[in-house]
Amino acid sequence: MLQVAVLKENTAAVLAALAKRHYPTAEADVQAVLDLDQRRRELQTGHDQAQAEANELARQIGGLMKTGQKAEAEALKVRTGELKQQTKTHSDELANTEKQLQQLLYKLPNLPHESVPEGRGADDNEVVREWGTKPELAADAKPHWDLIEQYDIIDFALGNKITGAGFPVYKDKGARLQRALINFFLDEARAAGYTEVQVPILVNEASGYGTGNLPDKEGQMYHATADDLYLIPTAEVPITNLYRDDIIATERLPIRNTGYTPCFRREAGSWGAHVRGLNRLHQFDKVEIVHITQPENSYAALEVMVAHIESLLQKLELPYRVLRLCGGDMGFTSALTFDLEVWSAAQQRWLEVSSASNFETYQANRLKLRYRPEAGGKTQLLHTLNGSALALPRIVAALLENNQTSEGIRLPQVLHSYCGFESIE
């Protein structure tokens with residue numbers, strides 16, 4: 001959530017940044033925030049003045065009663081009653097104004113970092129670098145949705161039977177490969193200095209608002225309405241919310257956590273050949289890394305996170321590229337995002353497997369996540385970051401497709417000890 005002070009003191013720069021996002025109602029929404037903030041300040045001043053006058057009259061009434069000036073005291077009591085009603089009116093209108101202001105601030109996306117390129121969609125994203133050699137497959141090579149049937153390792157029909165489309169059942173070596181990848185990613189994260197946490201996969205509304213998933217992604221989240229809880233779309237939500245309403249001691253910074261969870265996304269409106277097989281699911285497994293640090297360190301931290309994700313892809317021997325997302329393709333809460341995509345040799349296209357983002361103070365402002373730079377000094381907002389390290393479905397798709405041979409699917413060396421097997425035959 002953007003800070004009102006930033007909108008007020010840097011209005012022109014804010015509007016220019018929102019224009020890079022192609023946010024259509026930026027000028028009207030920013031002006032509405034400023035108007036509501038001004039009205040909030042006026043109401044607060046009126047409330048405080050009425051309260052102060054009422055307190056002073058109460059002191060005077062007490063003195064008059066002690067000296068027997070009952071008539072004068074009763075006259076002041078009438079004014080006190082008027083002030084009491086005035087204070088209540090101010091309080092009610094102030095609460096309503098603050099609610100309107102909060103809802104409008106929730107609507108505004110984060111401001112993009114200066115390095116974010118111009119553009120409206122995926123075609124305008126900047127390729128930062130590529131790694132690896134794209135494999136050349138035989139003419140009869142198969143996409144992963146045919147391979148999983150051939151080797152009977154993932155069953156979409158069974159998942160559809162017990163739940164619905166987009167909820168696959170992993171079988172035998174398919175299930176073991178899932179578990180192997182999760183353990184490999186977690187071990188690598190811990191070796192890189194991240195602390196492993198195991199968190200709930202249901203969160204309350206406050207947690208959804210804290211990371212910016214609500215109200216922006218409300219239609220994409222599964223909602224358990226009886227208990228007003230949400231199935232998480234990513235472990236970022238519960239892991240980041242561990243620190244909601246906290247003031248973090250500087251000696252605890254940076255905070256670096258990792259966690260595995262299943263993730264749930266309705267993916268409403270998704271259809272077509274590009275979502276076939278494992279390319280897009282309603283439930284999938286992912287290992288997440290979350291970083292919380294001081295503002296001056298956050299962009300260096302983002303580079304370290306991206307390097308860590310790249311190291312995983314290199315050890316899996318998957319050709320990949322790193323993209324810097326343009327203003328029109330960025331997530332709602334992000335200030336800067338790098339996407340990492342692996343090459344799918346059978347599909348002949350790039351598949352996104354990770355996003356690493358710096359949210360600067362956007363999430364921290366919602367979370368009231370702060371630190372105190374100096375003992376006894378004023379608290380300041382921290383910066384939050386997160387990245388997928390990694391999401392499994394498209395990793396599995398690329399591993400199956402890129403490593404297929406006439407004798408089976410040969411897995412990369414790094415997974416052999418985790419899987420307990422070297423190939424799928």
Side-chain angles (χ1 to χ4, degrees), residues 121-123 125 142-149 153-171 174-175 177-178 181-182 185 201 213 216-223 230-237 260-288 309 312-313 316 318-321 323 325 328-334 337-357 386-402:
D123 292 340
N125 293 333
K142 299 177 180 180
H144 71 272
W145 49 83
D146 288 338
L147 292 170
I148 61 178
E149 286 191 16
I153 54 175
I154 303 174
D155 197 317
F156 281 91
L158 280 178
N160 190 55
K161 174 182 178 181
I162 60 176
T163 305
F167 295 88
V169 172
Y170 298 85
K171 302 161 61 176
L177 177 58
Q178 288 285 111
L181 284 167
I182 292 166
F185 294 153
I201 60 173
N213 299 84
D216 180 57
K217 296 290 189 298
E218 187 167 13
Q220 296 293 345
M221 295 174 68
Y222 286 98
H223 188 192
Y230 294 83
L231 284 165
I232 61 169
T234 166
E236 167 203 346
V237 181
Y260 153 71
T261 65
C263 303
F264 304 87
R265 299 182 186 178
R266 294 185 61 240
E267 298 290 3
S270 297
W271 57 278
H274 67 288
V275 301
R276 190 171 179 183
L278 295 171
N279 288 342
R280 185 157 296 174
L281 301 174
H282 294 307
Q283 177 181 332
F284 60 94
D285 293 318
K286 182 154 68 85
V287 172
E288 195 80 0
I309 298 165
L312 300 177
L313 297 175
L316 291 174
L318 290 173
Y320 68 85
R321 66 180 185 178
L323 304 176
L325 298 195
D329 200 35
M330 289 171 57
F332 181 83
T333 54
S334 175
T337 294
F338 291 102
D339 271 7
L340 289 91
E341 300 177 335
V342 296
W343 178 249
S344 166
Q347 298 178 67
Q348 286 290 294
R349 66 189 189 93
W350 295 99
L351 303 177
E352 180 198 331
V353 294
S354 176
S355 283
S357 300
N386 86 281
S388 306
L390 286 157
L392 270 66
R394 294 171 191 163
I395 290 290
V396 171
L399 285 173
L400 297 177
E401 293 178 3
N402 294 6

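Predicted model, so just to flag it, every value in this text is computed and none were measured. Counting from 1, the numbers follow the sequence of the chain as shown.
In terms of heavy-atom proximity, W350 sits nearest to P319 at CZ3-O, 3.9 Å. What you find for C263 and A235 is that their closest heavy atoms are SG-N, 4.3 Å. P168 and Y170 get closest at one heavy-atom pair: CG-OH, 3.6 Å. Taking each heavy atom of D329 and A122 in turn, the nearest pair found is OD2-CA, 3.7 Å. Taking both residues in full, the closest heavy atoms of N160 and A165 are given as OD1-N, 2.9 Å, listed atom of the first, atom of the second, then distance. Here the closest heavy-atom approach between residue P262 and residue Q283 is recorded as CB-NE2, 4.4 Å.
A donor-acceptor contact shorter than 3.5 Å is absent between the side chain of H223 and the backbone of Y230. In this structure, the side chain of R394 engages the main chain of E352 through a donor-acceptor pair within 3.5 Å. In this structure a side-chain-to-backbone donor-acceptor pair under 3.5 Å is present from S354 to S388. Of the possible donor and acceptor atoms, none in the side chain of H144 sits under 3.5 Å from a partner among the backbone N and O of G277. Q220 places a side-chain N or O within 3.5 Å of a backbone atom of E267 that can act as its donor or acceptor partner. No donor-acceptor pair under 3.5 Å is formed between the side chain of D339 and the backbone N or O of L323. One N or O on the side chain of Q348 and one on the backbone of A345 form a donor-acceptor pair closer than 3.5 Å.
A distance of 9.5 Å separates CG of D155 from NZ of K161, quoted to the nearest 0.5 Å. Once rounded to the nearest 0.5 Å, the distance linking OH of Y222 with CD1 of I201 reads 13.0 Å. Interatomic distance, CD1 of I148 versus CD1 of I154, reported as 4.5 Å (0.5 Å rounding). Taken from CD1 in I182 to CG in L177, the straight-line distance is 9.5 Å, to the nearest 0.5 Å. Within the model, atoms CG of N213 and OG1 of T234 stand 8.0 Å from one another, a figure rounded to the nearest 0.5 Å. In this structure, CD in E341 is found 8.0 Å from CG in N125, a value given to the nearest 0.5 Å.
Taking 4.5 Å as the limit, some side-chain heavy atom of L281 sits within range of a side-chain heavy atom of F156. When side chains are defined from C-beta on, I162 counts as touching V169, because their heavy atoms get closer than 4.5 Å. In this structure the side chain of T261 never reaches within 4.5 angstrom of the side chain of E288, judged on heavy atoms. Residues L278 and F284 form no side-chain contact, since every pair of their non-hydrogen atoms from C-beta on lies 4.5 Å or further apart. You'll find the side chain of Q347 reaches within 4.5 Å of the side chain of N279, heavy atoms only. Contact check for L313 versus I395: side-chain heavy atoms found under the 4.5 Å cut-off. When side chains are defined from C-beta on, K142 does not count as touching L400, because their heavy atoms never get closer than 4.5 Å. Using a 4.5 Å heavy-atom cutoff, the side chains of V396 and L181 are in contact.
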Run the numbers on L316 and F185 for side-chain contact (heavy atoms from CB on, under 4.5 Å), then give the verdict.
-> CA-CA 11 Å; L316 291 174; F185 294 153; 4.0 Å; yes
